[in-house]
Each structure stands twice: as C-alpha cells, then as structure tokens.
Amino acid sequence: METTRTFALRDYNLATTLTCGQAFRWQQQDRWWTGVIGTRWVRLRSESGSITAETAEPVADWDWLTHYLQLHVDLGEVLRAFPNDEPMRAAVAACRGLRLLRQDPWECLASFILSSTKQIVQIRQIITLLCERYGEPLAVVPGGTRASAFPAPARLARATEAELRACKMGFRAPYLRTTAGLIAGGQCDLERLRDLPVEVARAELIKLPGVGRKIADCVLLFAYGSQSAFPVDVWVMKALRQLYFPRRRVSLQRLHQFAASHFGPSAGYAQQYLFHYMRTGGRT
DNA sequence: GCCCAGGTGAAGC
DNA sequence: GCTTCACATGGG
C-alpha cells in the first residue's frame with residue numbers, strides 16, 4: 001500500500017493526451033496534472049521515460065490507473081496500422097505520444113452530451129460546475145484543491161432542468177437530465193453495452209435523447225475502446241474533406257463509409273490524431 | 001455585430 | 001430519403 005508510484009513507459013505525451021478533447025477534467029498545477037478517475041483523486045507527473053502518480057489515500061492495486069491511461073498499449077504497433085498516406089504521416093508528426101484513454105462510460109456519455117456545438121474550453125467549464133454542485137466530495141492531498149467525483153446518474157436525474165441550466169449547459173439540460181434518468185432507472189445498462197457487438201451498442205446509445213451517431217461513437221471509442229468507432233465532428237469532417245477529398249462535395253454518410261474502409265484496425269486512434277492535428281493547425 | 005464551437009431532433013421538402 | 005433550422009452560451 002502506497003500513495004505514490006512510478007510507471008516506466010515510452011512514447012507517452014501526457015499533456016497532449018489529457019487535453020486533446022477526449023477527457024475534460026484534467027488541470028495543470030505546477031508540474032502536476034490533477035484529476036479524478038472514478039472515485040479517486042489523483043495527480044500525475046510526466047518525466048522522460050516514466051509517469052509518477054500520487055493519490056490522496058493508500059492504494060493496494062493500481063490497475064484502475066494503468067487501465068485508464070492504457071499504459072500497456074504499444075503505441076508503435078498502433079501507428080504501424082495507420083494507412084501510409086501523406087495526411088496520416090503529417091498527423092503522426094504533429095501528435096507525438098498522443099494516446100487514447102479508457103474512460104468510465106457514464107462520465108464519457110454525459111460529457112459528450114454536453115459537448116454539442118461547444119468549444120472544449122466551455123465543455124470544461126460546464127463539467128466543472130456540474131461536478132462542484134452534484135458530485136460527491138473526494139479526499140485530496142493536504143493542501144490540495146477541493147475535488148469531487150463525476151455526479152451519479154441518479155443525482156442528475158433528481159436535479160431540475162433549471163438547476164442544470166444554471167451550470168451553463170443551455171438546451172442540453174433536458175437531454176442530460178432525461179438520459180441520466182434512463183441510466184439510473186436501468187432502462188439503459190451501460191455495463192451491458194460493453195459486451196455487445198459495436199453496431200448493437202451504437203444503436204442502443206442512439207436511442208438516448210441528445211445522443212446521435214457522433215456522441216455514440218465517442219462513447220464507443222473513449223469508454224469501450226472500440227477501434228472501429230470513428231467520431232466525425234466538425235474538425236474531423238474538415239480534415240477528411242480537405243486532406244482526402246479536396247474540391248469535392250462529399251456527404252457525411254460517404255465520409256463514414258470512407259473512414260470505415262480506409263483507416264484499418266487503428267481507426268479510432270487515427271481519428272483522434274486527425275482531430276488534434278486539425279485543431280492545432282499542425283503545431284505540436 | 002458576426003461566425004463558430006467534438007450535434008441533435010424536428011420540420012420541411 | 002435529404003436539407004434546413006432552432007437550440008444556449010461564450011470565444012475570437
């Protein structure tokens with residue numbers, strides 16, 4: 001049992017991974033990245049060849065952290081499965097060490113319901129308010145900033161629409177509240193979806209209010225790890241059209257077909273590389 | 001003021 | 001089927 005542990009690894013850009021728009025609660029404080037994974041407060045520090053983690057309370061088994069960070073993944077193997085074309089070579093060069101996390105399905109689903117037509121900085125604001133107001137307080141290190149767990153579905157289902165709107169989520173409030181109720185009531189079982197074929201799980205997710213193809217694909221990829229999920233938002237659409245179909249009109253449906261056939265067994269990773277590449281304009 | 005942001009659902013054709 | 005529009009809020 002200890003509160004600190006160091007993990008040896010390579011090809012892991014912690015800062016890019018935690019801020020590239022897949023998770024929304026990580027904050028930089030001095031040399032540490034502070035966040036919450038499940039019901040544990042944790043902070044992470046990256047050094048060359050290792051990541052050091054510190055928790056508030058002693059930990060016997062660190063699997064929750066290595067699983068979240070996907071430390072066992074061989075990034076070289078992932079990248080070798082990318083198509084060998086110019087757009088992907090440029091994206092890889094711009095996103096050194098970018099990894100996919102493996103997040104909690106409910107937090108991921110709720111976060112992306114709040115993401116629609118919002119900039120990442122605003123999504124972070126909304127989620128911060130939501131956690132402060134409705135999440136269970138967590139133990140932190142002495143002198144650490146207060147922290148809360150992501151609010152449980154039942155807690156958000158119990159909030160009023162007006163209360164949720166006060167967290168600045170606007171028209172997304174009824175979507176979040178109703179979906180929270182369906183999860184809390186067991187009409188949708190997020191743990192069961194983990195074991196279903198990806199097409200079936202996607203169809204189940206899309207039944208939830210405020211969840212369409214894009215948000216369903218985010219949950220399939222970021223929470224369940226389905227590499228065939230390829231979320232197409234405005235940035236990825238821009239990337240596909242500019243880089244693969246310049247000066248042509250291509251429908252969203254056609255882009256999905258192209259993505260499904262072109263990007264291979266690391267498609268989900270390829271999507272995140274294109275997303276980050278476009279958002280940062282090729283800067284690292 | 002204007003356009004845009006990790007979209008979705010409903011209404012119109 | 002596909003296209004258009006409303007929906008809140010804040011950044012640039």
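Each chain gets a letter, A, B and so on, in the order the sequences are listed, and its residues count up from 1.
- Of the inter-residue distances, the one linking A:Trp33 atom CH2 with A:Arg25 atom CZ reads 15.0 Å to the nearest 0.5 angstrom.
- In this entry the distance linking CH2 of A:Trp235 with P of B:dC4 reads 11 Å, nearest Å.
- Electrostatic pairing of A:Arg80 and A:Glu77 does not count as a salt bridge here, judged by no charged N lying under 4.0 Å from a carboxylate O.
- Chain A approaches DNA chain C over the interval C:dC2 to C:dG11, counting the first and last nucleotide 5' to 3' with an atom under 4.0 Å from its heavy atoms.
- Between the P atom of B:dC3 and the NZ atom of A:Lys238 lies a distance of 15 Å, rounded to the nearest Å.
- A:Arg202 has no carboxylate O lying under 4.0 Å from a charged side-chain N of A:Glu199, or vice versa, which leaves the two without a salt bridge.
- Of the residues in residues 147-172 of chain A, those with a non-hydrogen atom less than 4.0 angstrom from any atom of DNA chain B are A:Phe171.
- Between A:Arg213 and the phosphate of B:dT8, there is no side-chain N or O to OP1/OP2 separation shorter than 4.0 Å.
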Show which side-chain atoms of residues 155-162 of chain A pair as donor or acceptor with protein atoms under 3.5 Å away, not counting sequence neighbours.
residue: A:Thr160; atom: OG1; partner: A:Glu163; partner atom: N; Å: 3.0
residue: A:Thr160; atom: OG1; partner: A:Glu163; partner atom: OE1; Å: 3.4
residue: A:Glu161; atom: OE2; partner: A:Arg165; partner atom: NE; Å: 2.9
residue: A:Glu161; atom: OE2; partner: A:Arg165; partner atom: NH2; Å: 3.1

Considering only distance and modelled atom types, tabulate donor-acceptor pairs under 3.5 Å from the side chains of residues 110-130 of chain A, sequence neighbours left out.
residue: A:Ser111; atom: OG; partner: A:Glu107; partner atom: O; Å: 2.6
residue: A:Ser115; atom: OG; partner: A:Phe112; partner atom: O; Å: 2.7
residue: A:Ser116; atom: OG; partner: A:Arg172; partner atom: NE; Å: 3.4
residue: A:Thr117; atom: OG1; partner: A:Arg172; partner atom: NH2; Å: 3.3
residue: A:Gln122; atom: OE1; partner: A:Gln119; partner atom: N; Å: 3.3
residue: A:Arg124; atom: NH1; partner: A:Trp26; partner atom: O; Å: 3.2
residue: A:Arg124; atom: NH2; partner: A:Trp26; partner atom: O; Å: 2.7
residue: A:Thr128; atom: OG1; partner: A:Arg124; partner atom: O; Å: 2.8

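- Distance check on atom P: C:dC2 versus B:dG6 gives 26 Å, rounded to whole Å.
- Looking at A:Asp74, its side chain does come within 3.5 Å of a backbone N or O of A:Gly76 through a donor-acceptor pair.
- In the hydrophobic clustering of this structure, A:Leu71 does not group with A:Leu98; members are Ile, Leu, Val, Met, Phe, Trp, Tyr whose side-chain heavy atoms approach within less than 4.5 Å, directly or through other members.
- Within residues 108-123 of chain A, the residues that place at least one heavy atom under 4.0 Å from DNA chain C are, in residue-number order, A:Thr117, A:Lys118, A:Gln119, A:Gln122.
- Following rounding to the nearest Å, A:Gln271 (CD) and B:dG6 (P) show an atom-to-atom distance of 13 Å.
- The main-chain N or O of A:Val78 is found under 3.5 Å from a side-chain atom of A:Ser266 such that the two form a donor-acceptor pair.
- We find the CG-CG distance between A:Leu100 and A:Leu221 to be 5.0 Å, quoted to the nearest 0.5 Å.
- Atoms CG and CG, on A:Asp85 and A:Leu243 in that order, are 9.0 Å from each other to the nearest 0.5 Å.
- Ring orientation note: the planes of A:Phe263 and A:Tyr244 are nearly perpendicular, at an angle over 60° on the 30°/60° scale.
- For A:Arg241 (side chain) and A:Val250 (main-chain N/O), a donor-acceptor pair under 3.5 Å exists by modelled atom type.
- The separation of B:dA10 from C:dA8, taken at their P atoms, amounts to 14 Å, rounded to a whole angstrom.
- When heavy atoms are screened at a 4.0 angstrom cut-off, A:Gln253 is found touching the sugar-phosphate backbone but no base atom.
- By the 30° and 60° cut-offs, the orientation of the rings of A:Phe171 relative to A:Tyr175 is perpendicular.
- As rounded to whole Å, 12 Å separates atom C1' of B:dG6 from atom NE2 of A:His256.
- Around atom CZ of A:Arg194, more than 12 heavy atoms belonging to other residues, nucleotides or ligands sit under 6.0 Å away.
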Got a list of protein N/O to nucleotides 9-13 of chain B N/O distances below 3.5 Å?
residue: B:dG9; atom: OP1; partner: A:Gly210; partner atom: N; Å: 3.0

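- Nucleotide B:dA5 holds its C1' atom 9 Å from the CG atom of A:Asp233, rounded to whole Å.
- Remark: P of B:dG6 and CG of A:Leu240 are 16 Å apart, rounded to the nearest angstrom.
- Computed from coordinates, the A:Ile127 CD1 to B:dG6 C1' distance equals 11 Å when rounded to whole Å.
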